[in-house]
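These notes are about the structure you will find just below.
By convention in this document, chain letters (A, B, ...) are assigned in the order of the sequence lines, proteins followed by strands, and residues within each chain are numbered from 1.
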Amino acid sequence: MAQVSMTVNGMRVSGEVEGRTLLSTFLRDTLELTGTHVGCDTGQCGACTIHVDGVSVKSCNMFALEAEGAEVTTIEGMANADGSLGTIQQAFQDHHGLQCGFCTPGMVMAAAALLKENPKPSEAEIRTYLSGNLCRCTGYHNIVKAILAASGQDVAKEFAA
Amino acid sequence: MYAFEFERPSTLDEAVKALGAEGAQALAGGQTLIPTLKQRLAMPETLVSLAGIAELKGISAEGGVLTVGAASTHTEVAGQTAYPALAHLARGIGDPHVRNRGTIGGSLANNDPSACYPAAALGSGATIVTNAREIAADDYFTGLFETALEEGEIITEVRFPIPAKAAYVKFEQPASRFALVGVFVSKGEGGVRVAVTGASEAGVFRWAEAEAALASDFSAAALDGLSASADDLIGDIHGSPAYRAHLIGVLTKRAVQAAG
């Protein structure tokens, strides 16, 4: 076992982990931040997407020890300080950007990463960017609409499908 | 996943020493290795993370050569502007989250027969630099998941001579986003190179007949009537050897057109 320390959603945290402990396991089991979902556990579905040092990663495809000293943001860190939904989260609710909701934490984190590098993405750019996030309910249309809305664009005008 | 020790050296020398131990395995971005460990297809006693080694980082262009540190992520390579065809290739690997972790050194050390970077290295005539020596791309790729790297040898950087013209065109396997077939063409001081990934049982290879045709006339029309052999090509549920051979011809033409 080894000691690992990092900052998660602004809080300094540390814990004992094995070499093989995944970052997703550390978040969910040690820190009890179960908003980060583990879907496929093979690095394909993107439900476990979080941000590490400002960029999106799949937390099931990274060891906890690789995040030593890192700044980590999970879905629990996306709400406003008063507990109300953040802009992207609110847009997902407004546009019904979820069905069963399992992929939603990863979708929101992917959307946040996209809007950081491309504040006004087109519908096509959004769909391309979401290539690493799977929705088994196939509810992509409303997810795309939610991200268009979160970027401040006119959904009726920008959404072609 | 089987249990293993986890080491985080901060210098290349420490990493080389750690990898000298019995059962030690290097960990780069982990985007292939971690799923492999989960499937228990590998059981290293020690994983040696290369992420904390400053000598493996950084991208610079000087004197017509792009030098890419082995720990550079696909996102970082996609962001450089000195070699646009290489940036385009990096931008097409996996998905955004994978590109933020996966590295060029990890991809080249693994030498997946359907990976994109081997095509760029072979198609550019790159030099793979390790802690011990420099290896020409032509000598580096030795077969399916096999390279010229010795046990414990670490790629430190990759040097790409920037060609006058180059392009990479990939026919994507939509589930994995690996290349069903990918073709990298370049025309530079070293002549014309055509490197094909995703197609051969032996991994990335140069299509000599196409190179010869393009050497005198670098145009898609120069490839008319030329077809790649289906011998020893990969056949699986995604495509037969004959289909892949057909794709090689089509994609090489498209790559030449894209290279301009």
Side chain, backbone, both or neither: which part of A:M62 has a heavy atom under 4.5 Å from chain B?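 Contact with chain B is through both the backbone and side chain of A:M62.
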
Is A:A113 in contact with chain B via its backbone, its side chain, both, or neither, using a 4.5 Å heavy-atom distance?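 For A:A113, there is no contact with chain B at all, as no heavy atom is under 4.5 Å.
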
B:G94 versus A:S131, closest heavy-atom pair with distance: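 Scanning both residues completely, I find the closest heavy atoms to be O-OG, 4.3 Å.
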
Quick one: do A:E66 and B:R8 make a salt bridge, cutoff under 4.0 Å?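 Result for this pair is no, no salt bridge flagged.
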
For residues A:Q44 and B:D95, determine if any side-chain heavy atom of one lies less than 4.5 Å from a side-chain heavy atom of the other.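 Sidechains of B:D95 and A:Q44: no contact.
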
Can you find a heavy atom in the side chain of A:V55 that is under 4.5 Å from one in the side chain of B:T73?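 No, every pair of side-chain atoms sits at 4.5 Å or beyond.
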
Could you give me the CA-CA distance, side-chain angles and deciding distance for A:F63 and B:L27, then say whether side-chain contact (heavy atoms from CB on, under 4.5 Å) is met? CA-CA 10 Å; A:F63 294 113; B:L27 171 68; 3.9 Å; yes

Where on B:R99 is there a heavy atom nearer than 4.5 Å to chain A: the side chain, the backbone, both, or neither?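 Looking at B:R99, nothing touches chain A.
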
Name the region of B:E5, side chain, backbone, both or neither, that has any atom closer than 4.5 Å to a heavy atom of chain A.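 For B:E5, no heavy atom lies under 4.5 Å from chain A.
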
Verify, without hydrogens or angle tests, whether B:N100 (side chain) and A:S56 (backbone) share a donor-acceptor contact under 3.5 angstrom.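 Judged by distance alone, yes, a pair lies under 3.5 Å.
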
Distance, nearest 0.5 Å, that separates CZ of A:R20 from OH of B:Y2: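 Reported to 0.5 Å precision, the distance equals 10.5 Å.
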
So, taking the atom named CZ in B:F6 and the one named CE in A:M1, what distance separates them when rounded to the nearest 0.5 Å?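 One gets 14.5 Å once the value is rounded to the nearest 0.5 Å.
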
Among B:A175, B:P96, B:G30, who wins on heavy-atom pairs under 4.5 Å with chain A?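 Answer, by heavy-atom pair count under 4.5 Å with chain A: B:P96.
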
Does [X] have more than 12 heavy atoms from other residues, nucleotides or ligands lying within 6.0 Å of its [atom1]?
X	atom1	value
B:R254	CZ	no
B:H246	NE2	no
B:E151	CD	no

Could you check which of A:L134, A:L65, A:T128 has the highest count of heavy-atom pairs closer than 4.5 Å to chain B?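 Winner by heavy-atom pair count: A:L65.
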
For chain B, the option from A:L130, A:V52, A:V57, A:T42 that forms the most heavy-atom pairs under 4.5 Å: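 Between A:L130, A:V52, A:V57, A:T42, the count favours A:V57.
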
Members of residues 35-54 of chain B whose heavy atoms come closer than 4.5 Å to chain A: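 The stretch touches chain A at B:P35, B:L37, B:K38, B:L47.
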
Between A:N133 and B:H97, do the side chains contain a donor N or O and an acceptor N or O under 3.5 Å apart?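 Checked: B:H97/A:N133 side chains pair up, N/O donor to acceptor below 3.5 Å.
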
